[in-house]
Protein chains: 2
Amino acid sequence: MNEKQFIEVSKSLTNRTRLKILEWLKEPDENFPPHPTLGHFDFGVCGTFIQKKTEMSQSTISTYLNSMEKCELLISTRKGKWTYFKRNEKIIKDYIEYLK
Amino acid sequence: MNEKQFIEVSKSLTNRTRLKILEWLKEPDENFPPHPTLGHFDFGVCGTFIQKKTEMSQSTISTYLNSMEKCELLISTRKGKWTYFKRNEKIIKDYIEYLK
DNA sequence: CAAACATATTGATAGTTTTCGATTTGTCAA
DNA sequence: TTGACAAATCGAAAACTATCAATATGTTTG
C-alpha cells in the first residue's frame with residue numbers, strides 16, 4: 001500500500017455509514033436476509049440490500065460503494081442485474097501494516 | 001475506542017502532512033536536530049521544529065497538531081514557552097484493534 | 001517591565017465532500 | 001421488445017476542510 005491509497009482508505013473510514021457497511025459485511029448472514037436467487041454470500045451482499053439497510057438514498061449509497069471499491073476496501077462482482085460487494089480483507093491488513 | 005474517536009483519528013490520517021508528522025515522530029532523533037535546552041525527546045518534539053520541517057504556515061501546523069492531540073493521536077506537554085508533541089502509541093493500537 | 005519568541009485564535013477564501021432527486025444506462029424475463 | 005428493477009451518473013445546494021496572513025495570548029529573560 002502506498003501513501004495515496006492509504007489516504008483514500010482513511011477517507012472511506014471517516015463516515016459512520018461507510019463504517020457500518022464494513023461492519024455489516026463482516027457477517028453478511030447475520031445482517032442481511034438470505035439472497036433469494038443465490039442462496040449464499042460468497043460474493044458478498046447486493047447493493048440494494050445494503051442501501052435498504054442504511055436508509056439513505058440509492059445514489060448516495062451507490063457513490064459510497066463505488067468509492068470504497070475504488071480504494072479497494074470492497075470487491076464488487078456483477079451478476080446479471082445485481083452487483084455484490086464484499087470486504088477486501090487483504091487491503092485492511094495492508095492498511096494496518098502501513099499504519100504500524 | 002468508540003466510533004466517534006475512530007472517525008476523528010481517520011480524519012487525521014487523510015492528509016499527507018499529518019501523516020508525515022506521525023512518521024517523523026516515530027524517530028525524533030533521526031528527523032530533528034537535538035533540542036538545545038532539553039537534550040532528549042522524552043516529551044517528543046517542539047511545535048516550531050515540526051512546523052519548520054513541514055514548510056507550511058505556523059497557523060496551519062498549530063491547527064494540525066491541536067486536532068491530532070484532540071483525537072489523542074498525539075500527546076502534548078507544555079514546558080515553558082514550548083509545547084512538545086509525541087505519538088500516542090496506545091491510540092494507534094486501539095485504532096487498529098477497532099478496525100480489526 | 002519590555003523585547004523576543006512560541007503557540008493559539010480569528011477571519012477569510014478556495015477547494016472538497018455530502019447528499020439528494022432526477023436521469024441514464026444495464027440487464028432480465030414475460 | 002417492452003416493462004420492471006438494479007446500478008451509475010449528473011447537477012446542485014449545503015456543509016465541511018484546508019490554508020493563509022494577521023492578530024492575540026503566554027512565557028521567558030534581560
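So that the names make sense, note that chain A is the first sequence line, chain B the second, and so on, each numbered from 1. Keep in mind that the numbers below use all heavy atoms, side chains included, and drop hydrogens, waters and symmetry copies.
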Report the distance from atom [atom1] of [X] to atom [atom2] of [N], rounded to the nearest whole Å.
X	N	atom1	atom2	value
Phe49(A)	dC5(D)	CZ	P	14 Å
Ile61(A)	dA8(D)	CD1	P	12 Å
Gln51(A)	dG21(C)	CD	P	11 Å
Leu38(B)	dA6(C)	CG	C1'	15 Å
Phe85(A)	dA6(D)	CZ	C1'	11 Å
Lys52(A)	dA7(D)	NZ	P	9 Å
Ile7(B)	dT17(C)	CD1	C1'	14 Å
Tyr84(B)	dT7(C)	OH	C1'	13 Å

**Message:** So, using salt bridge (Lys or Arg N to Asp or Glu O under 4.0 Å) as the criterion, who are the partners of Glu97(A) when residues are at least two apart?
**Reply:**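 Salt bridge (Lys or Arg N to Asp or Glu O under 4.0 Å) check on Glu97(A) returns Lys100(A).
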
**Asked** For Lys11(A), which residues count as a salt bridge (Lys or Arg N to Asp or Glu O under 4.0 Å) partner, sequence neighbours excluded?
**Response**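 Result, salt bridge (Lys or Arg N to Asp or Glu O under 4.0 Å) vs Lys11(A): Glu8(A).
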
**Request:** Look at atom CD of Glu89(A) and say whether more than 12 heavy atoms of other residues, nucleotides or ligands are closer to it than 6.0 Å.
**Result:**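 Above 12, so yes.
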
Side-chain polar contacts of residues 45-53 of chain B - donor-acceptor pairs under 3.5 angstrom, sequence neighbours left out - could you list them?
unit_1, atom_1, unit_2, atom_2, d
Gln51(B), NE2, Met56(B), O, 2.9
Lys53(B), NZ, Asn31(B), O, 3.1

**Request:** Using a 4.0 Å cut-off on protein heavy atoms (strictly under), produce a 5'-to-3' string for nucleotides 22-30 of chain D with B for base contact, S for backbone-only sugar-phosphate contact, and - for none.
**Result:** B----SS--

**Item:** Under 4.0 angstrom between Ser62(B) side-chain N/O and dA8(C) OP1 or OP2
**Value:**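 Yes, Ser62(B) has a side-chain N/O under 4.0 Å of OP1/OP2 on dA8(C).
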
**Item:** Under-4.0 Å side-chain N/O to phosphate OP1/OP2 contact, Asn66(B) with dA8(C)
**Value:**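 So the side chain of Asn66(B) is within the cut-off, an N or O lying under 4.0 Å from OP1 or OP2 of dA8(C).
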
**Asked** Looking across every strand, which nucleic acid part, if any, lies under 4.0 Å from Arg16(A) by heavy atom: base, sugar-phosphate, or nothing?
**Response**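 No contact.
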
**Asked** For Thr60(B), which contact category applies under a 4.0 Å heavy-atom criterion: base, sugar-phosphate, or nothing?
**Response**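 Base contact - Thr60(B) has a heavy atom under 4.0 Å of at least one base atom.
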
**Message:** Rounded to the nearest 0.5 Å, what separates atom OG in Ser12(B) from atom CG in Leu22(B)?
**Reply:**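 CG of Leu22(B) is found 7.5 Å from OG of Ser12(B).
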
Identify every side-chain donor-acceptor pair in residues 74-83 of chain B under 3.5 Å, counting partners at least two apart or on other chains, and give the distances.
unit_1, atom_1, unit_2, atom_2, d
Ser76(B), OG, Glu69(B), OE1, 3.4
Ser76(B), OG, Glu69(B), OE2, 3.2
Arg78(B), NE, Gly80(B), O, 3.0

**Message:** Quick check on DNA chain C: between Leu65(B) and Thr17(A), whose nearest nucleotide comes earlier from the 5' end?
**Reply:**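 Nearer the 5' end of the strand: Leu65(B).
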
**Request:** With sequence neighbours excluded, tell me which residues meet ring pair (Phe, Tyr, Trp, His ring centres under 6.0 Å) with Phe6(B).
**Result:**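 For Phe6(B), the residues satisfying ring pair (Phe, Tyr, Trp, His ring centres under 6.0 Å) (neighbours in sequence not counted) are Tyr95(B), Tyr98(B).
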
